[in-house]
Number of protein chains: 2
Amino acid sequence: MAEKQLRRNLAVLPIGTVMKLTGQTARQIRYYETQALVFPERTIGHQRMFSLNDVDRLLEIKDYLAEGTTMVQIRQIYQKKADRQRDKQLSDEKARRLLANELLSVGGLVGQRSTISQSSKLY
Amino acid sequence: MAEKQLRRNLAVLPIGTVMKLTGQTARQIRYYETQALVFPERTIGHQRMFSLNDVDRLLEIKDYLAEGTTMVQIRQIYQKKADRQRDKQLSDEKARRLLANELLSVGGLVGQRSTISQSSKLY
DNA sequence: TGACTGATGTTATAAAAGCTAACATCAAAT
DNA sequence: ATTTGATGTTAGCTTTTATAACATCAGTCA
């Protein structure tokens, strides 16, 4: 019981759902997009589709605004967070590369892969 | 990182999303509803809204049909599952009642409640 | 104080997505 | 040869979403 979960970055929610989930108006949500605070995807017909991560961020934005934080400041907060994230990615990458070299020079066993079960790829 | 999850029975997905998630056509999904295999909720404007549980069930239905199982049979399968579930609910209920009585007759400490954190109720 | 800005409301108009209902198809069962 | 079960297709209508423009209103600041 209780197994598969929705990938948090999968854009599946229309704006109406997001309104209910966040208590924000469509006007607000769309405005936050123009301010580069959230980045919903679009359907072929241009309708916004949000992920759970988007919803979380909107809830955070709500809190920030309630504290009096301005949107420019909020954007900067997320920008810095993204930068740190990017740096971490890079250093992790470097670490992995080093480790891989290490292993290669010793055992030569890189490239082994276990098969991935089908069900885990559904959503 | 990675905390809040979507309640699996919260109806938030429009039929278009469900189509993509299941690979079924709107026609099929709606027909399965007429056959009492899924029970999406409706918006005020009568549009179907599905939960993750609904999506799981639709994927199951897909497998059943591929095996040649008929919809009547599928409905019966779910019916029996629901019946067993109901029985279990009832016997659990009885067990809890007995336990509560037990505790009452000894300590008299029933009715204590811990507060529920706000965030856990968002979705 | 008066103009400006930031955030949101409101309204109009158009397009996309969804709804029901009816008729069509087609393979499998009877 | 019919009937049945599952699905496709089409038409007409409703709901939801989109963009854009104008309105409001509180707070800031010269």
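- A distance-only check finds a donor-acceptor pair linking the side chain of B:Asp54 to the backbone of B:Ser51 [under 3.5 Å].
- A distance of 11.0 Å separates CG in A:Leu103 from CG in A:Leu98, rounded to the nearest 0.5 Å.
- The shortest side-chain heavy-atom distance between A:Arg57 and A:Tyr32 does not fall under the 4.5 Å cut-off.
- Atoms CZ and CG, on A:Arg7 and A:Asn53 in that order, are 11.5 Å from each other to the nearest 0.5 Å.
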Output, in order, the C-alpha distance, side-chain angles, deciding distance and verdict of side chain to side chain contact (heavy atoms under 4.5 Å, CB included) for A:Glu93 and A:Arg97. CA-CA 6 Å; A:Glu93 174 85 9; A:Arg97 231 187 279 274; 3.1 Å; yes
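- Between the CD1 atom of A:Ile29 and the C1' atom of C:dG9 there is a distance of 14 Å, given to the nearest Å.
- Every residue two or more places apart in sequence or in another chain that forms a salt bridge (Lys or Arg N to Asp or Glu O under 4.0 Å) with B:Glu33 is listed here: B:Arg42, B:Arg48.
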Contacts table for residues 67-76 of chain A: side-chain donor-acceptor under 3.5 angstrom, sequence neighbours left out:
residue, atom, partner, partner atom, Å
A:Thr69, OG1, A:Tyr64, O, 3.1
A:Gln73, OE1, A:Thr70, N, 2.8
A:Arg75, NH1, A:Gln35, O, 2.6

Across nucleotides 24-30 of chain D, 5' to 3', mark each nucleotide with B, S or - according to how protein heavy atoms within less than 4.0 Å reach it. -------
Sub-3.5 Å pairs of nitrogen or oxygen atoms, protein against nucleotides 18-21 of chain C:
residue, atom, partner, partner atom, Å
C:dG18, OP1, B:Gly16, N, 2.9
C:dC19, OP1, B:Arg48, N, 2.6
C:dC19, OP1, B:Arg48, NE, 3.1
C:dC19, OP2, B:Arg30, NE, 3.1
C:dC19, OP2, B:Arg30, NH2, 3.0
C:dT20, OP1, B:Arg42, NH1, 3.2
C:dT20, OP1, B:Arg42, NH2, 3.4
C:dT20, OP2, B:Arg48, NH2, 2.2

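- Each of A:Lys81, A:Lys80, A:Gln79 was compared with A:Asp83 under the side-chain hydrogen bond (donor to acceptor under 3.5 Å, both in side chains) criterion, and only A:Gln79 meets it.
- Put simply, CD on A:Gln35 is 12 Å from C1' on C:dT5, counting in whole angstrom units.
- Residues from residues 59-79 of chain B placing a heavy atom under 4.0 Å of any atom in DNA chain C do not occur.
- Between A:Leu6 atom CG and B:Leu6 atom CG the span is 6.5 Å, to the nearest 0.5 Å.
- When the nucleotides D:dG8, D:dA6, C:dA7 are ranked by their closest atom to the side chain of A:Tyr31, C:dA7 comes out on top.
- Within the 4.0 Å cut-off from OP1 or OP2 of D:dT15, not a single side-chain nitrogen or oxygen of B:Thr43 is found.
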In residues 10-24 of chain A, what donor-acceptor pairs under 3.5 Å come from side-chain atoms, sequence neighbours left out?
residue, atom, partner, partner atom, Å
A:Thr17, OG1, B:Val12, O, 2.8
A:Thr22, OG1, A:Val18, O, 2.8
A:Thr22, OG1, A:Gln24, N, 3.2
A:Thr22, OG1, A:Gln24, OE1, 3.1
A:Gln24, NE2, A:Leu58, O, 3.2

